[in-house]
Amino acid sequence: IESTDIKCHVINGGTGIGVSVRDALVQISQSLGIANPDIEFSGKTRLGDPAIYVADTSRSSQLGWIPRIHWMDGITEYVSWWKKQSGKTV
């Protein structure tokens, strides 16, 4: 779609707190039962890669939304849900 007349607003539902990719991967791995994941990065960045991603929650906050689940708990709950839905135990 090149353009549309429909106007909609993106509302982020994150915590607004930055979490490193490594920390997120460790939490996912541990939630999958992998105690000591071997996570390696090439150290290379590509042109245009953003240095950080952090959800801007200002719009959701204006609507009265407040994050209630810590990011680690959210990942753990999601992985648990995924295992049940997929039938996989990894």
By salt bridge (charged side-chain N to carboxylate O under 4.0 Å, His left out), D38 pairs with (sequence neighbours left out) none
Enumerate donor-acceptor pairs with a distance under 3.5 Å from any side-chain N or O in residues 59-70 to protein atoms, sequence neighbours excluded.
| from | atom 1 | to | atom 2 | distance (Å) |
| --- | --- | --- | --- | --- |
| R59 | NH1 | V10 | O | 3.3 |
| S60 | OG | N12 | O | 3.1 |
| S60 | OG | T57 | O | 2.9 |
| S61 | OG | T57 | O | 2.9 |
| H70 | ND1 | M72 | N | 3.1 |

Is there any side chain to side chain donor-acceptor pair (under 3.5 Å) pair reaching into residues 19-31, and which pairs are they, with sequence neighbours excluded?
-> S20-D23, Q27-T76, S31-T76
In this structure, CD of Q85 is separated from OH of Y78 (nearest 0.5 Å) by 9.5 Å
What's the spacing between S80 OG and L32 CG if we round to 0.5 Å?
-> 10.5 Å
Under 6.0 Å from the CG atom of D49, do we count more than 12 heavy atoms belonging to anything else shown?
-> yes
Verify same cluster id: I11, W71 (apolar side-chain graph, 4.5 Å) | no
Who else is in the cluster with F41 when I, L, V, M, F, W and Y are joined by side-chain contacts under 4.5 Å?
-> V21, L25, V26, I39
Residues that S86 engages under side-chain contact (heavy atoms from CB on, under 4.5 Å), provided they are two or more places apart = W82, K88
Those residues at least two apart in sequence (or on a different chain) that pass side chain to side chain donor-acceptor pair (under 3.5 Å) with S42 are none
